Visitor: 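Here it is, the structure, as structure tokens.
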Amino acid sequence: MVKDSGRSRRESSLGYRRWRRFKRNRRGYWSLLLFGFLFVLSLGAELISNDVPILILYNGDSYFPLLHEYSEKVFGGDFETEADYKDSYILERISSDGNRAFFPFNKHSFNTINLAIDGPVPSPPTSENILGTDDRGRDVFARLLYGFRLSVLFGFALTFVGTVVGIFSGAIQGYFGGRTDLFFQRFIEVWSAMPELYLLIIFASIFKPSIFLLLILLSLFSWMGLSDYVRAEFLKGRNMEFVKAARALGVSNVTIMVRHLLPNGMTPVITFLPFRMSASILALTSLDFLGLGVPPATPSLGELLAQGKANIDAWWLSLSTFILLVGTLVLLIFIGEALREAFDPRKI
């Protein structure tokens with residue numbers, strides 16, 4: 001009887017009903033599973049695509065080159081420098097007399113240059129480089145895998161920062177109203193008129209390009225769109241009876257905003273998260289395409305698109321990057337549509 005009552009309470013809860021509605025949207029549900037699967041795979045990129053073995057069994061001992069650097073002398077070489085596992089002599093040493101080396105699925109990292117290519121670069125797909133190489137002889141599959149991870153992590157970070165700042169700004173405007181709201185609105189009007197692209201160009205010429213600098217610059221502008229929705233929700237809720245009752249009981253403004261108004265204003269925040277995520281990924285890709293993003297050696301989807309534009313005949317550069325980028329954005333859009341439908345107040 002207790003189990004049945006607990007189950008009935010769980011099934012009647014608002015969060016559970018929203019999750020059921022989200023799962024009924026098969027397109028959004030499977031998009032979430034597929035996107036999560038691809039993201040988890042990218043987190044283990046070093047185990048999938050790398051130019052060093054995952055495990056080496058040599059003369060009865062176990063070595064983990066992914067975690068530690070070993071000199072050539074450990075495997076019978078002549079130098080104290082780090083072992084080059086692409087060298088034929090080292091490979092012969094760690095693969096003879098019962099010794100074994102376990103390499104990842106793709107034996108190239110994002111910065112590995114294939115010096116054995118017999119022909120000009122970019123080179124087309126082969127058994128060695130399953131998606132070909134770029135204009136420097138680096139493996140395209142590895143750069144796509146590492147670039148996807150960087151793009152998604154950057155999208156998560158930019159979405160998180162923009163969401164937190166947007167919620168804070170919108171909550172302050174909507175709850176206090178009056179001169180506070182008026183001041184914030186005028187500030188947003190002035191700040192949104194700032195030429196974001198020109199600022200990025202100026203800062204890129206002054207400072208050394210980095211992913212953290214790019215995150216800070218984009219975060220300065222990414223919060224404004226969300227703050228308007230949160231402001232509207234707080235403006236609507238600040239005059240409701242339960243808020244007036246809480247004020248009459250002496251509840252602090254922070255408690256009212258966090259415990260009473262914020263949960264009611266989270267619906268637009270949650271439903272817009274996948275769309276903001278896709279916009280963040282697209283922003284990073286666009287800036288990298290223009291050469292204003294991450295440092296040149298960093299794996300980037302935008303850089304691969306720029307290489308495809310510069311090498312029209314190298315179809316594998318543009319096609320593979322286009323499929324990955326568009327597929328990621330489509331999955332996020334499907335997830336966002338399913339969230340919007342699940343949080344629709346008309347369907348509660």
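Keep in mind it's a predicted model, so treat the numbers as computed, not measured.
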Visitor: Kindly give the heavy-atom pair with the smallest separation between Asp139 and His108, and that separation in Å.
Guide: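 Of all heavy-atom pairs spanning Asp139 and His108, the closest is CB-CB, 3.6 Å.
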
Visitor: Between Arg18 and Thr267, is a side chain to side chain contact (heavy atoms under 4.5 Å, CB included) present by the stated rule, with each step listed?
Guide: CA-CA 11 Å; Arg18 285 172 172 171; Thr267 296; 3.9 Å; yes

Visitor: Would you list the pairs meeting ring-ring contact (aromatic ring centres under 6.0 Å, His included) in which at least one residue belongs to residues 281-326, sequence neighbours left out?
Guide: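 Passing the test, one end in residues 281-326: no pairs.
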
Visitor: With side chain to side chain contact (heavy atoms under 4.5 Å, CB included) as the test, would you mind laying out the steps for Ser227 and Ile188 before giving the verdict?
Guide: CA-CA 10 Å; Ser227 66; Ile188 290 176; 4.0 Å; yes

Visitor: Count I, L, V, M, F, W, Y as connected when their side-chain heavy atoms are under 4.5 Å apart, and connections chain through other members. Are Leu200 and Tyr198 then in the same cluster?
Guide: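 Yes.
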
Visitor: What are the two closest non-hydrogen atoms of Pro299 and Phe110, and how far apart are they?
Guide: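 Taking Pro299 first and Phe110 second, the nearest heavy atoms are CD-CD1, 3.5 Å.
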
Visitor: If you count heavy atoms of other groups shown closer than 6.0 angstrom to CD of Glu92, is the number above 12?
Guide: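 Not more than 12 within 6.0 Å, no.
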
Visitor: What distance separates Leu150 CG from Ile211 CD1, expressed to the nearest 0.5 Å?
Guide: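 Result: 4.5 Å between the selected atoms.
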
Visitor: Spell out, yes or no, whether Val40 and Ile48 are grouped together once hydrophobic residues are joined by side-chain heavy atoms under 4.5 Å, including indirect joins.
Guide: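 Per the 4.5 Å side-chain linkage, Val40 and Ile48 are not co-clustered.
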
Visitor: Decide side chain to side chain contact (heavy atoms under 4.5 Å, CB included) for Ile172 and Phe168; before the verdict, give the C-alpha distance in whole Å, the side-chain angles of both, and the deciding distance to 0.1 Å.
Guide: CA-CA 6 Å; Ile172 295 295; Phe168 178 79; 4.1 Å; yes

Visitor: Using a 3.5 Å distance criterion without hydrogens, assess whether the side chain of Glu72 forms a donor-acceptor pair with backbone atoms of Ile90.
Guide: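 The answer is no, because no donor-acceptor pair under 3.5 Å joins these two groups.
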
Visitor: Using the side chain to side chain contact (heavy atoms under 4.5 Å, CB included) rule, take Leu57 and Ser62 through it: C-alpha gap first, then chi angles, then the decisive distance, then the call.
Guide: CA-CA 5 Å; Leu57 301 178; Ser62 300; 3.5 Å; yes

Visitor: Supply the atom-to-atom distance Leu220 CG to Phe203 CZ, rounded to the nearest 0.5 angstrom.
Guide: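 One gets 8.0 Å once the value is rounded to the nearest 0.5 Å.
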
Visitor: Taking side-chain contact (heavy atoms from CB on, under 4.5 Å) as the definition, give me every residue that meets it alongside Val161, ordered by chain and number, with sequence neighbours left out.
Guide: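 Per chain and number, Val161 pairs via side-chain contact (heavy atoms from CB on, under 4.5 Å) with Val165, Ser219.
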
Visitor: Kindly indicate whether the side chain of Phe343, heavy atoms from C-beta on, has any atom under 4.5 Å from the side chain of Met266.
Guide: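 When only atoms from C-beta onward are counted, Met266 and Phe343 do not touch, as no gap falls below 4.5 Å.
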
Visitor: Show me the pairs that pass salt bridge (Lys or Arg N to Asp or Glu O under 4.0 Å) and involve residues 298-325, at least two apart or across chains.
Guide: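 Listed by first then second residue: Arg138-Glu303, Arg143-Glu303.
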
Visitor: How long is the straight-line distance from OG of Ser318 back to CD1 of Ile312, given to the nearest 0.5 Å?
Guide: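 Between Ile312 CD1 and Ser318 OG, I get 6.0 Å after rounding to 0.5 Å.
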
Visitor: Taking side-chain contact (heavy atoms from CB on, under 4.5 Å) as the definition, give me every residue that meets it alongside Ile256, ordered by chain and number, with sequence neighbours left out.
Guide: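 For Ile256 the side-chain contact (heavy atoms from CB on, under 4.5 Å) partners, ignoring immediate neighbours, are Tyr175, Val243, Ala246, Arg247, Val251, His260, Leu261.
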
Visitor: Do Ser169 and Gln173 get their side chains close enough for a donor-acceptor pair, meaning under 3.5 Å?
Guide: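 The criterion, which ignores hydrogens and geometry beyond distance, is satisfied for Gln173 and Ser169.
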
Visitor: Got a sec, which residues hit ring pair (Phe, Tyr, Trp, His ring centres under 6.0 Å) with Phe221, two or more places apart in sequence or on another chain?
Guide: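 Expected list: Trp191.
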
Visitor: Mind checking who shares a hydrophobic cluster with Val258, ILVMFWY linked at side-chain heavy-atom distances under 4.5 Å?
Guide: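 Traced through the cluster, Val258 reaches Val254.
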
Visitor: Quick one: does Thr321's side chain get under 4.5 Å of Thr285's, heavy atoms only?
Guide: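 No, their side chains stay 4.5 Å or more apart.
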
Visitor: Report the residues that fulfil side-chain contact (heavy atoms from CB on, under 4.5 Å) with Asp51, sequence neighbours left out, ordered by chain and then residue number.
Guide: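 Only Lys86, Ser109, Thr112 meet the side-chain contact (heavy atoms from CB on, under 4.5 Å) criterion with Asp51.
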
Visitor: For Ala45, does its backbone N or O pair with a side-chain atom of Ser49 as donor and acceptor, under 3.5 Å?
Guide: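 No; judged by distance alone, with no hydrogens or angles, the pair does not exist.
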
Visitor: For a quick test of reading the model, state the closest non-hydrogen atom pair linking Ser320 to Val140 and the distance between them.
Guide: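 Here Ser320 and Val140 meet closest at OG-CG1, 3.8 Å.
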
Visitor: Would you say Leu226 and Leu217 are hydrophobically clustered, going by side-chain heavy atoms of ILVMFWY under 4.5 Å?
Guide: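 In one cluster with Leu226: Leu217, yes.
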
Visitor: Hey, could you give me each pair passing salt bridge (Lys or Arg N to Asp or Glu O under 4.0 Å) that has a residue in residues 215-232? Not counting sequence neighbours.
Guide: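 Listed by first then second residue: Asp181-Arg231.
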
Visitor: Please name all residues satisfying side-chain contact (heavy atoms from CB on, under 4.5 Å) with Phe37, sequence neighbours left out, ordered by chain then number.
Guide: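 Counting only residues at least two positions away or on another chain, Phe37 forms a side-chain contact (heavy atoms from CB on, under 4.5 Å) with Leu41.
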
Visitor: For the residue pair Leu158 and Ser222, what are the closest heavy atoms and their distance?
Guide: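 Minimum heavy-atom separation between Leu158 and Ser222: CD1-OG, 3.7 Å.
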
Visitor: Taking all heavy atoms of Ala338 and all of Phe22, pick out the closest pair and write down the distance.
Guide: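 That would be CB-CE1, 3.4 Å.
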
Visitor: Salt bridge (charged side-chain N to carboxylate O under 4.0 Å, His left out) for Arg186 and Glu189? Distances and angles first, verdict last.
Guide: CA-CA 5 Å; Arg186 301 295 80 79; Glu189 290 175 1; 2.7 Å; yes

Visitor: Should Arg21 and Glu341 count as an ion pair when the cut-off is N to O under 4.0 Å?
Guide: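 No salt bridge links Arg21 with Glu341.
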
Visitor: So, using salt bridge (Lys or Arg N to Asp or Glu O under 4.0 Å) as the criterion, who are the partners of Lys244 when residues are at least two apart?
Guide: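 So Lys244 forms no salt bridge (Lys or Arg N to Asp or Glu O under 4.0 Å) with any residue.
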
Visitor: One thing to verify: whether Glu233 and Lys236 come together as a salt bridge, which I'm taking to mean a side-chain N less than 4.0 angstrom from a carboxylate O.
Guide: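 Between Glu233 and Lys236 there is a salt bridge, with a charged N closer than 4.0 Å to a carboxylate O.
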
Visitor: Could you give me the CA-CA distance, side-chain angles and deciding distance for Phe184 and Phe176, then say whether ring-ring contact (aromatic ring centres under 6.0 Å, His included) is met?
Guide: CA-CA 11 Å; Phe184 266 99; Phe176 292 102; 9.7 Å; no

Visitor: When rounded to the nearest 0.5 angstrom, what distance separates OG in Ser280 from CZ in Phe160?
Guide: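 Going from the OG atom of Ser280 to the CZ atom of Phe160 covers 13.5 Å.
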
Visitor: Rounded to the nearest 0.5 Å, how far does CD1 of Ile333 lie from OG1 of Thr328?
Guide: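 Here the rounded value is 11.0 Å.
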
Visitor: Of the options Ile281, Leu287, Asp288, which is the one that meets Leu284 in a side chain to side chain contact (heavy atoms under 4.5 Å, CB included)?
Guide: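 When Ile281, Leu287, Asp288 are each tested with Leu284, the side chain to side chain contact (heavy atoms under 4.5 Å, CB included) holds only for Asp288.
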
Visitor: Cation-pi check, Arg93 to Phe75: give yes when NZ or CZ is under 6.0 Å from the six-membered ring centre and within 45° of the ring axis, no otherwise.
Guide: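 No, Arg93 and Phe75 do not form such a contact.
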
Visitor: Nearest 0.5 Å, please: how far is CG in Leu301 from OH in Tyr146?
Guide: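 These two atoms lie 14.5 Å from each other.
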
Visitor: Please indicate whether Phe102 has more than 12 foreign heavy atoms, meaning atoms of other residues, nucleotides or ligands, lying under 6.0 Å from its CZ.
Guide: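 Yes, CZ of Phe102 has more than 12 neighbouring heavy atoms, counting only those of other groups under 6.0 Å.
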
Visitor: I'd like to know whether OH of Tyr229 has more than 12 heavy-atom contacts from other residues, nucleotides or ligands below 6.0 angstrom.
Guide: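 No.
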
Visitor: Please list, one pair per line, the donor and acceptor atoms closer than 3.5 Å that link side chains of residues 114-123 to other protein atoms, with sequence neighbours excluded.
Guide:
from	atom 1	to	atom 2	distance (Å)
Asn114	OD1	Ala116	N	3.1
Asn114	ND2	Asn129	OD1	2.9
Ser123	OG	Thr133	OG1	2.5

Visitor: Between Phe272 and Leu339, is there a side-chain heavy-atom distance shorter than 4.5 Å?
Guide: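 Leu339 vs Phe272: side chains apart.
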
Visitor: Taking atom CZ of Phe156 as the centre, report whether more than 12 heavy atoms of other residues, nucleotides or ligands fall under 6.0 Å from it.
Guide: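 Check passes, neighbour count above 12.
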
Visitor: Do other residues, nucleotides or ligands put more than 12 heavy atoms under 6.0 Å from the OH atom of Tyr89?
Guide: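 Enclosed: over 12 neighbouring heavy atoms sit under 6.0 Å from OH of Tyr89.
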
Visitor: Taking all non-hydrogen atoms of both residues, which atom of Leu332 and which atom of Pro274 are closest, and how far apart?
Guide: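 In terms of heavy atoms, the two residues are closest at O-CB, 3.3 Å.
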
Visitor: May I have the step-by-step check of ring-ring contact (aromatic ring centres under 6.0 Å, His included) for Trp19 and Tyr16, ending in yes or no?
Guide: CA-CA 5 Å; Trp19 171 246; Tyr16 183 79; 8.9 Å; no

Visitor: In the hydrophobic clustering that connects Ile, Leu, Val, Met, Phe, Trp and Tyr at side-chain heavy-atom distances below 4.5 Å, which members other than Leu182 occupy its cluster, ordered by chain and number?
Guide: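 When side chains under 4.5 Å apart are linked, Leu182 ends up in no cluster with other residues.
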
